[in-house]
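Since we're looking at a predicted model, the values are computed, not measured.
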2 protein chains.
Amino acid sequence: LAKLTKLTKQETTSVLAELEDWIHDPERDALLRDFTFRDFNEAFGFMTRVALLAEQADHHPEWSNVWNRVQILLTTHDADGLSKRDVDLAKRIDALLRDRH
Amino acid sequence: LAKLTKLTKQETTSVLAELEDWIHDPERDALLRDFTFRDFNEAFGFMTRVALLAEQADHHPEWSNVWNRVQILLTTHDADGLSKRDVDLAKRIDALLRDRH
């Protein structure tokens, strides 16, 4: 597993520049992204794919869903903030959406 | 589909007595319940079963998940508060948990 060191401020800035669809929640030191789909079916289908990624990575999101909307918050409890695990999971989630057709 | 009339105060009181594991969120006029499972696998398995119930009923929860915990909020946007649909879905969710073995 990726090491759990908390990202430095400089690393966080660099990560946010790379993950352009995610914002930084300074209170939680977390990555945050809102997703909108056509309907609940598509939103929950996406959540299922993310759930499988999360289990595979043994790193899980804090997330919520209201019909066609999903909000995902990524942070690492053991690092007390953002770690490489969050960045890796965010990239894998973004890749899922790029794969849609 | 069940009618979308908002429940009266008296009906809400009666429903809450029946649904003993749910509390009433007065601000949202919603049913609210927290669930705790062994791990993410079990929590997301539960969410998948609820998602199928929700699609079948064409009535969807507002919900969140953090690892082994799930919070479900039920209210009816079209009724501007609690309706029979929420009560029916809450009962079906409770039945899922009773069926566990």
Side-chain angles (χ1 to χ4, degrees), chain A residues 1-2 4 23 25 27-83 85-86 88-90 92-93 96, chain B residues 1-2 4 23 25 27-83 85-86 88-90 92-93 96:
Chain A
L1 288 167
L4 289 177
I23 63 169
D25 176 343
E27 199 175 320
R28 294 288 312 276
D29 192 15
L31 292 172
L32 196 64
R33 184 173 172 187
D34 291 314
F35 303 84
T36 304
F37 299 92
R38 270 181 307 200
D39 52 25
F40 178 78
N41 180 305
E42 193 173 280
F44 198 76
F46 167 72
M47 290 178 75
T48 304
R49 299 191 74 190
V50 172
L52 298 176
L53 291 182
E55 278 293 80
Q56 191 177 41
D58 193 20
H59 189 57
H60 301 84
E62 299 184 20
W63 52 353
S64 61
N65 160 244
V66 180
W67 200 56
N68 69 330
R69 286 177 288 131
V70 177
Q71 181 176 79
I72 297 184
L73 183 149
L74 300 174
T75 192
T76 303
H77 188 261
D78 290 348
D80 196 29
L82 272 182
S83 78
R85 282 197 197 175
D86 302 304
D88 291 345
L89 188 53
R92 297 189 70 188
I93 290 169
L96 282 183
Chain B
L1 287 170
L4 289 178
I23 63 169
D25 176 344
E27 198 174 320
R28 294 289 310 277
D29 192 14
L31 292 171
L32 197 63
R33 185 173 172 188
D34 291 314
F35 304 84
T36 304
F37 300 93
R38 270 181 306 198
D39 53 25
F40 178 78
N41 180 303
E42 193 173 280
F44 198 77
F46 166 73
M47 290 179 75
T48 304
R49 298 191 73 189
V50 171
L52 297 176
L53 290 181
E55 279 293 81
Q56 192 178 40
D58 193 19
H59 188 58
H60 301 84
E62 299 183 21
W63 52 352
S64 60
N65 161 243
V66 180
W67 199 57
N68 69 330
R69 286 176 288 131
V70 177
Q71 182 176 77
I72 297 184
L73 184 149
L74 301 174
T75 192
T76 302
H77 188 261
D78 291 348
D80 197 26
L82 273 183
S83 78
R85 282 197 196 176
D86 302 303
D88 291 345
L89 187 54
R92 297 190 69 190
I93 291 170
L96 283 183

Asks: Where does N41(A) contact chain B at under 4.5 Å (heavy atoms): side chain, backbone, both or neither?
Replies: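 Both the backbone and the side chain of N41(A) come within 4.5 Å of chain B.
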Asks: Give me the ring orientation class for H60(B) and F40(A): parallel if the planes are under 30° apart, tilted from 30 to 60°, perpendicular past 60°.
Replies: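 Answer is tilted, since the angle falls between 30° and 60°.
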Asks: Can you confirm whether more than 12 heavy atoms, excluding those of D39(A), are under 6.0 Å from its CG atom?
Replies: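 Yes, CG of D39(A) has more than 12 neighbouring heavy atoms, counting only those of other groups under 6.0 Å.
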Asks: Going by the side-chain contact (heavy atoms from CB on, under 4.5 Å) test, name the single residue among V50(A), L52(A), T48(A) that passes it with F44(B).
Replies: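 In the set V50(A), L52(A), T48(A), the residue that makes a side-chain contact (heavy atoms from CB on, under 4.5 Å) with F44(B) is T48(A).
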Asks: Would you say D25(A) has more than 12 foreign heavy atoms packed within less than 6.0 Å of its CG?
Replies: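 Enclosed: over 12 neighbouring heavy atoms sit under 6.0 Å from CG of D25(A).
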